[in-house]
Amino acid sequence: MRIDIVTIFPEFFSVLDISLLGKARQAGIIEVVAHDLRAFTHDRHRTVDDTPYGGGAGMVMKPEPWGEAIDSIVGPGRSDAVLVVPSPAGEPFTQAVARELAAESHLVFACGRYEGIDQRVTDHYEGRMRVRLISLGDYVLNGGEVAVMAMIEAAGRLVPGVVGNPESLVEESHEDGLLEYPSYTKPSVWRDLEVPPVLLSGNHGAVAEWRREQQIERTRRVRPELLSD
Ligand SMILES: Nc1nc2cc(Br)ccc2s1
C-alpha cells in the first residue's frame, strides 16, 4: 500500500517511522510519503490560504496549491487512488471504513487547516478519482493531521503482514459489531481483585461463552446503539 499525505506540517508524520507502521514501512508493506503543501506555492510568502468569499471569520485554503500537490502525486487524468479528506462534515470513521481503506492500494490524505479547503478541490477530484470525506467524531480539530494519523494507524494495522498475529485482529472491539470483552493476565489476584474464575477453569467453551456475554453486556451498557443495527 502507498500512502501520500499532503499537509502544511509534514514533520508531524515522522512519528510513523517509529511505531508498528515503522516495521511495515521497513518491510516495504506500506510506503508513506508526506508532502509539504507550501512546496506547491509560488509566491514569496508561500501563501496557502485566503479570506472566504461571502465573508465570515477565518481563512480558507486556496485551491491552486492543492491542485498542484495532488496532481504531483496522482498525475493528470483519472486515478485509482482514493482521496481521503478528514472533515467534521464527513462520513463517520468506523472499523468497517478502516477495513475498506486497508484494502486500497493507494490512499492520498489531504490535511485541511483553518476553515477548511476550497470546495472546488474535492469537486474537481471527484471527476478523476474516488473522494471520501471522513469524520472521526463530532468535534472540531485545528486541522486534519491528527485525524489522518488515527486513520493511518487504524487502516494500516489491518493491511496483511503489518500485525504479527492476524488472529489478534479478529477479537477486537467493533470487529464483530460489539465491544471487546475485558482482558486479564497474571497475577491471578492483584490488590485483592481476582481474575474471573471461569478464565482459570481451562474450560474453553465456558470461557468463550463468558467472553461473549461480557461483550454483549458491555456493549448494551456503553454503546446500546450498536445492538440495534
Ligand atoms: N474533526 C475534524 N476537525 C477538523 C478540522 C479541520 Br481545520 C480539518 C479536518 C478536521 S477533522
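Indexing begins at 1, ligand by ligand and atom by atom, following the structure's order.
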Identify whether the distance between the nearest side-chain nitrogen and carboxylate oxygen of R38 and D36 falls below 4.0 Å.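 No, no charged N to carboxylate O under 4.0 Å.
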Can we say D71 and R128 salt-bridge, meaning some charged N sits less than 4.0 Å from an Asp/Glu carboxylate O?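 Between R128 and D71 there is a salt bridge, with a charged N closer than 4.0 Å to a carboxylate O.
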Under a 4.0 Å heavy-atom limit, does C111 contact ligand 1 with its side chain, its backbone, both, or neither?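 The answer is neither.
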What part of N142, side chain, backbone, both or neither, has a heavy atom within less than 4.0 angstrom of ligand 1?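 For N142, the contact with ligand 1 is made by the backbone alone.
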Taking the side chain from R218 and the backbone from E180, do they hold a donor-acceptor pair closer than 3.5 Å?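 At least one qualifying donor-acceptor pair exists.
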Keeping E31 on the side-chain end and R2 on the backbone end, is there a donor-acceptor pair under 3.5 Å?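 Absent.
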Tell me whether [X] reaches ligand 1 (any heavy atom closer than 4.0 angstrom to a ligand atom).
X    : value
P86  : yes
V140 : yes
G143 : yes

Just need the protein heavy atom nearest to atom 5 (C) of ligand 1, so name the residue and atom and give the distance.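 Residue, atom and distance for the closest contact: L141 O, 3.1 Å.
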Among all the protein's non-hydrogen atoms, which is closest to atom 7 (Br) of ligand 1, and how far away is it?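 Heavy-atom neighbour on the protein nearest atom 7 (Br) of ligand 1: Y114 O, 3.1 Å.
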Quick check on contacts: which atoms of ligand 1 are under 4.0 angstrom from a heavy atom of R113?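 Reading through ligand 1 atom by atom, the close ones are 7 (Br).
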Give yes if a backbone or side-chain nitrogen or oxygen of Y139 is under 3.5 Å from a nitrogen or oxygen of ligand 1, and no if not.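 Yes; the residue has a nitrogen or oxygen that sits under 3.5 Å from a nitrogen or oxygen of the ligand.
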After noting the C-alpha distance and the side-chain angles of E225 and R223, does the key distance pass the salt bridge (charged side-chain N to carboxylate O under 4.0 Å, His left out) rule? CA-CA 5 Å; E225 75 280 7; R223 295 288 303 279; 2.5 Å; yes
Among V97, L83, V85, which residue meets the side-chain contact (heavy atoms from CB on, under 4.5 Å) test with R132?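 That would be V97.
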D49 and V60, any side-chain heavy atoms less than 4.5 Å apart: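 Not in contact.
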